[in-house]
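One structure is given below, encoded as structure tokens.
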Amino acid sequence: MILPVHDRIRTHLTRLLAELYALDGRAMPTVALEYPPNRTLGDLGTPVAFELARRLKKAPRAIAQEIAGAFGALEGIARVAPAPNGYLNFFLERRAFLIDRLAPAPPAPRTAARKAIVEHTAINPNKAAHIGHLRNSALGDTLVRVLRFRGIPVEVQNYIDDTGVQVADVVVGFRVLERRTVDGIRQLADSTRFDYYCWDLYARVTEWYDEDKTRLSHRAETLHDIEHGGNDAAAIGAFIADRIVRCHLRTMARMNVDYDLLTWEGDILRLKFWAQAFDVLKASGAVYLKTEGPLAGCWVMPIQEDEGSNPKSQSPKPNAQSPKPEGEREPVTDIDEEDAGEREKVIVRSNGVVTYVGKDIAYQFWKLGLLGRDFQYRIFEERPHGPLWATCSTGGEATHPSFGGAAWVYNVIDVRQSYLQKLLKQALVAAGHPEGAERSHHFSYEMVALSHATARELGFAPPPDSEEAKRPFVSVSGRKGLGVKADDLLDTLMRNAAREVAARNPEFSEAERDRIAQMIGVAAVRYFLIKFSTNKMIVFDLGEALSFEGESGPYVQYAVVRANNIFQKLQRRDGLDERGLLATLGEVPAGELAGEYGSHEIWELVLEAARLDEVVEQVIPSLEFSVLAKHAFSLAQAFNAFYHRSPILNEERDDVRRWRAAAVMYVRNQLTRALDLMGISVPPRM
RNA sequence: GCGCCCGUAGCUCAGUUGGAUAGAGCGCCGGACUUCGAAUCCGUAGGCCGCAGGUUCGAGUCCUGCCGGGCGCGCCA
């Protein structure tokens with residue numbers, strides 16, 4: 001890991017600059033650390049002299065020379081070199097650096113970090129999951145892993161909208177279109193792929209509505225029944241939601257995605273979370289009753305378009321202190337009710353029913369520990385590593401872990417919900433919790449569409465002369481049943497992987513082959529869903545996603561498998577294991593590592609591998625995991641090139657062999673960690 | 001109409017605190033398996049970074065305008 005070295009240089013340099021140029025805190029430039037384009041220039045470099053040039057009225061080059069001259073000794077730094085163009089470059093103590101990083105890691109220091117809640121997945125529990133949902137969970141789960149890597153405690157929640165329109169529509173499908181009873185549906189669920197069945201039924205219901213709009217009265221009626229409970233529709237709705245959620249959990253488990261708590265919307269209603277939040281919002285003036293105009297009788301929240309309404313976001317740090325007390329914050333901007341052009345969002349309808357935004361506000365308050373109420377909790381299912389909990393409104397377990405009340409909240413929801421998520425933050429500010437707003441993140445990402453080729457392959461080709469046909473992609477639509485089901489994709493992926501594995505390892509048993517194929521399939525999807533910027537739409541193409549070559553998850557896995565093979569052979573052939581290797585590194589001549597034999601390639605590998613912590617640090621505030629994916633890929637790429645060029649087992653010079661093996665060991669360790677952050681495991685062979 | 005996002009190689013994309021020579025993958029073409037596994041590697045070709053201004057020692061990156069595309073803006077969720 002490289003960050004401790006950054007910190008050491010930065011601290012040293014800051015003190016040095018203060019002495020050298022009598023700079024006080026305000027005048028002190030930030031010491032940015034970068035990587036020179038090649039190792040002959042240095043291992044780390046800073047453009048700090050450029051920043052000082054104007055203030056000191058001196059050429060950057062002269063400043064860099066002065067700093068280098070006064071630098072003195074610093075642990076881990078072999079040499080400081082001012083570059084002719086003004087950069088200040090550093091050379092590291094290579095041997096110590098690598099030995100340090102190979103030593104067994106000390107137990108992670110206890111951090112005072114407060115809990116973060118990550119909510120992701122949140123699929124309507126009325127049909128099978130599709131490829132778009134996988135993007136959500138892949139991003140959400142990676143966020144969870146990355147935060148935990150940094151020592152931040154994380155609670156993972158999956159929100160279940162069991163009382164919404166989508167469940168109601170499937171209830172209508174079963175009751176009205178198919179005339180089934182609860183028992184009939186249960187039988188069906190026990191004997192079919194229930195989530196697939198509902199996928200089709202849901203599409204049929206949508207069509208049925210489209211044929212005759214008056215049929216929508218069935219939806220309204222069902223929605224009402226579900227919300228009030230104690231009737232057939234509610235029982236069917238509850239059954240469907242429960243069964244479909246279990247299907248979703250199985251699908252997600254295939255992707256190595258897991259949760260701590262399922263929060264059910266029905267419980268938010270039954271426990272009257274909204275009533276509580278409503279009181280707070282009314283008291284603070286965040287919402288008010290319209291007495292005239294088209295919205296008369298509605299409780300509304302004014303929508304602010306100015307900058308002040310969108311507080312800057314903060315990201316958690318393991319050692320961050322508690323937020324400033326609210327008293328030190330700027331006062332909430334006054335809401336100008338007289339402003340004629342102002343827009344208003346209805347929170348409570350004139351018929352007294354709260355909107356989706358209202359429920360979400362209450363839920364967000366609870367997540368931040370600002371509501372003053374809690375759920376009851378039941379065990380949803382037992383798992384090897386402990387129970388999966390779910391909320392409930394009556395008869396909960398007497399003892400349960402503590403949920404909610406987090407310092408940081410991440411809501412992983414697609415970009416179309418940006419507007420609502422912004423309202424959520426505004427509500428927090430208006431209710432007097434600006435710091436809660438700053439610590440609430442909408443983790444937004446773009447949609448997944450289908451390529452025309454893939455749509456055609458699946459039988460969704462749009463009519464030749466339609467608008468859709470002219471577009472560069474085909475939109476998925478759960479309502480129309482148009483899309484790639486997650487399990488179908490995973491099945492295809494794993495089938496293809498199994499074929500590849502079998503071709504290369506004919507001696508494998510079927511079970512072994514399938515176990516490995518599964519790991520490879522997961523690597524392929526998860527990497528594919530992570531490697532694009534979140535604000536870029538993914539035009540999903542089966543062929544591309546199925547590819548195990550080039551920039552892909554399996555490519556990175558393959559590099560690690562190769563590295564592991566080297567160690568297995570080293571041990572078998574030469575009796576040299578990792579511990580034995582480590583023990584000798586202090587004595588072995590380090591010419592190969594130092595680049596004295598003409599190539600710096602193993603040092604390049606080590607330095608690049610060490611950057612994982614820096615990459616993670618960068619990835620948390622930006623929420624751009626493509627950076628992490630790219631890092632892993634380029635490290636794997638560098639390793640593969642090295643592997644090809646530089647033999648280890650057959651290298652005759654013992655010192656060279658040992659340093660190469662040590663570098664491979666470190667790269668392997670770091671790549672394994674990077675893959676784990678993406679939810680990808682390493683197969684024993686592939 | 002208003003708001004947000006995108007425009008970089010033939011295609012798909014990196015380039016996220018403004019820094020040293022704009023990079024990958026795929027595709028094309030040409031090479032490398034009696035050698036730690038070729039799901040690999042090496043090489044060739046391919047760029048008015050949408051356009052025009054501005055800020056800066058320095059702009060693909062920041063600002064303004066324009067052009068092209070996507071998505072939002074409901075007493076739906």
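Model, not experiment: these values are computed from the prediction. Here is how names work: the chains are called A, B, and so on, in the same order as the sequence lines, proteins then strands, and each is numbered from 1.
- Looking at heavy-atom distances under 4.0 Å, A:Ile520 makes contact with a base.
- For A:Arg504, the side-chain atoms get nearest to B:A39 when compared with the rest of B:C36, B:A39, B:U17.
- Of the candidates B:C76, B:C13, B:U40, the closest approach to any side-chain atom of A:Val165 belongs to B:C76.
- Only the P atoms considered, B:G15 is 28 Å distant from B:G54, to the nearest whole Å.
- A donor-acceptor contact under 3.5 Å is not formed by the side chain of A:Asp161 with the base of B:A77.
- For A:Ser418 against B:C4, a side-chain-to-base donor-acceptor contact under 3.5 Å is absent.
- Residue side chain A:Thr30 does not reach the base of B:U17 through any donor-acceptor N/O pair under 3.5 Å, judged by distance alone.
- As rounded to the nearest Å, B:A32 and B:U44 have C1' atoms that lie 16 Å from one another.
- Salt-bridge formation is detected for the pair A:Asp574/A:Arg657: a Lys NZ or Arg NE/NH1/NH2 atom is positioned less than 4.0 Å from an Asp or Glu carboxylate oxygen.
- Using a 4.0 Å heavy-atom cutoff across all strands shown, A:Phe532 reaches sugar-phosphate atoms only and no base atom.
- Nearest-nucleotide assignment on RNA chain B puts the 5′-proximal partner with A:Pro647, out of A:Pro647 and A:Ser475.
- No hydrogens or angles were tested; on distance alone, a donor-acceptor pair under 3.5 Å links the side chain of A:Asn89 to the base of B:A20.
- Put simply, CD on A:Glu265 is 9 Å from P on B:A77, counting in whole angstrom units.
- Regarding A:His631, its NE2 atom lies at a distance of 17 Å from the C1' atom of B:G23, rounded to whole Å.
- If you check every strand for non-hydrogen atoms under 4.0 Å, A:Arg471 touches sugar and phosphate atoms only.
- In this structure, A:Pro60 reaches neither bases nor backbone, as no heavy-atom distance under 4.0 Å exists between it and the strands shown.
- Comparing B:A77, B:A14, B:C41 against the side chain of A:His644 picks out B:C41 as the nearest.
- Neither OP1 nor OP2 of B:G15 sits under 4.0 Å from any side-chain N or O of A:Tyr35.
- Comparing the P positions of B:G23 and B:U16 gives an interatomic distance of 13 Å, to the nearest angstrom.
- Dashed line: the shortest gap from a side-chain N or O of A:Asn535 to OP1 or OP2 of B:C6 is under 4.0 Å.
- In this structure, the ring of A:Phe278 has its center less than 6.0 angstrom from the ring center of A:Trp299.
- Distance check on atom P: B:C11 versus B:G27 gives 16 Å, rounded to whole Å.
- For B:C57, the OP1/OP2 oxygens have no side-chain nitrogen or oxygen of A:Arg61 closer than 4.0 Å.
- Base contact: A:Ser646 has a heavy atom under 4.0 Å from a base atom.
- Checked for salt-bridge contact, A:Glu608 and A:Arg611 meet the test: a charged N lies under 4.0 Å from a carboxylate O.
- With A:His442 as the partner, the side-chain contact (heavy atoms from CB on, under 4.5 Å) test is satisfied by one option alone out of A:Leu424, A:Leu420, A:Ile413: A:Ile413.
- Within the 4.0 Å cut-off from OP1 or OP2 of B:C73, not a single side-chain nitrogen or oxygen of A:Lys422 is found.
- Nearest to the side chain of A:Phe50, among B:C57, B:C75, B:U40, sits B:C57.
- Side-chain proximity of A:Asn650 to the nucleotides B:A77, B:C36, B:G15 is greatest for B:C36.
- Using a 4.0 Å cut-off between charged side-chain N and carboxylate O, A:Glu601 and A:Arg39 make no salt bridge.
- Between the C1' atoms of B:G50 and B:G60, the separation comes to 12 Å (whole Å).
- The residue A:Val615 sits apart from the nucleic acid: no heavy atom pair falls under 4.0 Å.
- In this structure, A:Asn565 reaches the bases: a heavy-atom distance under 4.0 Å links it to at least one base atom across the strands shown.
- Between A:Glu624 and A:Lys630 there is no salt bridge, since no side-chain nitrogen of the basic residue lies less than 4.0 Å from a carboxylate oxygen of the acidic one.
- Using atom C1' as the reference point in both B:U12 and B:G7, the two lie 14 Å apart (nearest Å).
- Comparing B:G70, B:U16, B:G37 by their closest approach to the side chain of A:Ser622 singles out B:U16.
- Pairing for B:C28 is absent, judged as Watson-Crick or G-U wobble with the two contacts each under 3.5 Å.
- Within the nucleic acid shown, A:Lys531 has no heavy atom closer than 4.0 Å to any nucleic acid atom.
- Residue A:Pro37 is classed as a base contact, given a heavy-atom separation below 4.0 Å to a base.
- Pairing for B:G72 goes to B:C2, judged as Watson-Crick or G-U wobble with the two contacts each under 3.5 Å.
- B:C71: glycosidic angle beyond 90° from 0, hence anti.
- Of the candidates A:Phe273, A:Tyr356, A:Tyr159, A:Tyr159 is the only one forming a ring pair (Phe, Tyr, Trp, His ring centres under 6.0 Å) with A:Tyr363.
- For the pair A:Arg416 CZ and B:G3 P, the computed distance is 22 Å after rounding to whole Å.
- Each of A:Thr534, A:Leu529, A:Leu623 was scored for a side-chain contact (heavy atoms from CB on, under 4.5 Å) with A:Leu139, with one residue passing: A:Thr534.
- Ring pair A:Phe633/A:Tyr555: centre-to-centre distance below 6.0 Å.
- Within 4.0 Å of A:Gln637, counting heavy atoms only, lie sugar-phosphate atoms of the nucleic acid but no base atom.
- For A:Lys536, counting side-chain heavy atoms from C-beta on, the closest listed nucleotide (B:C75, B:C6, B:U40) is B:C6.
- Separating the CZ atom of A:Phe633 from the P atom of B:C26 is a distance of 7 Å, rounded to the nearest angstrom.
- Across all strands, A:Ser533 comes closer than 4.0 Å to base atoms (heavy-atom distances).
- Nucleic acid contact class of A:Ala296 (heavy atoms, under 4.0 Å, all strands): base.
- Among the nucleotides B:A39, B:A77, B:C36, the one closest to the side chain of A:Glu549 is B:A39.
- One C1' atom belongs to B:G31, the other to B:A45, and the distance between them is 15 Å to the nearest Å.
- A:Asn85 comes within 4.0 angstrom of a nucleotide base, judged by non-hydrogen atoms across all strands.
- Using a 4.0 Å heavy-atom cutoff across all strands shown, A:Met686 reaches at least one base atom of the nucleic acid.
- Using a cutoff of 4.0 Å between basic side-chain nitrogens and carboxylate oxygens, A:Lys290 and A:Glu292 are not scored as salt-bridged.
- Note: CD (A:Gln426) to P (B:G3) measures 15 Å, nearest angstrom.
- The nucleotide whose nearest atom lies closest to any side-chain atom of A:Ala83 is, among B:C41, B:G70, B:A20, B:A20.
- Nearest-nucleotide positions on RNA chain B for A:Arg645 and A:Gly164 put A:Arg645 closer to the 5' end.
- Spacing of C1' atoms, B:C63 relative to B:U55, comes out at 7 Å, to the nearest Å.
- Among the nucleotides B:U40, B:G37, B:C75, the one closest to the side chain of A:Ser350 is B:C75.
- Using N1 to N3 plus N6-O4 or O6-N4 for Watson-Crick, or N1-O2 and O6-N3 for G-U wobble, each under 3.5 Å, B:G7 pairs with B:C67.
- Under the Watson-Crick or G-U wobble criterion, with both distances below 3.5 Å, B:G58 is left unpaired in every strand shown.
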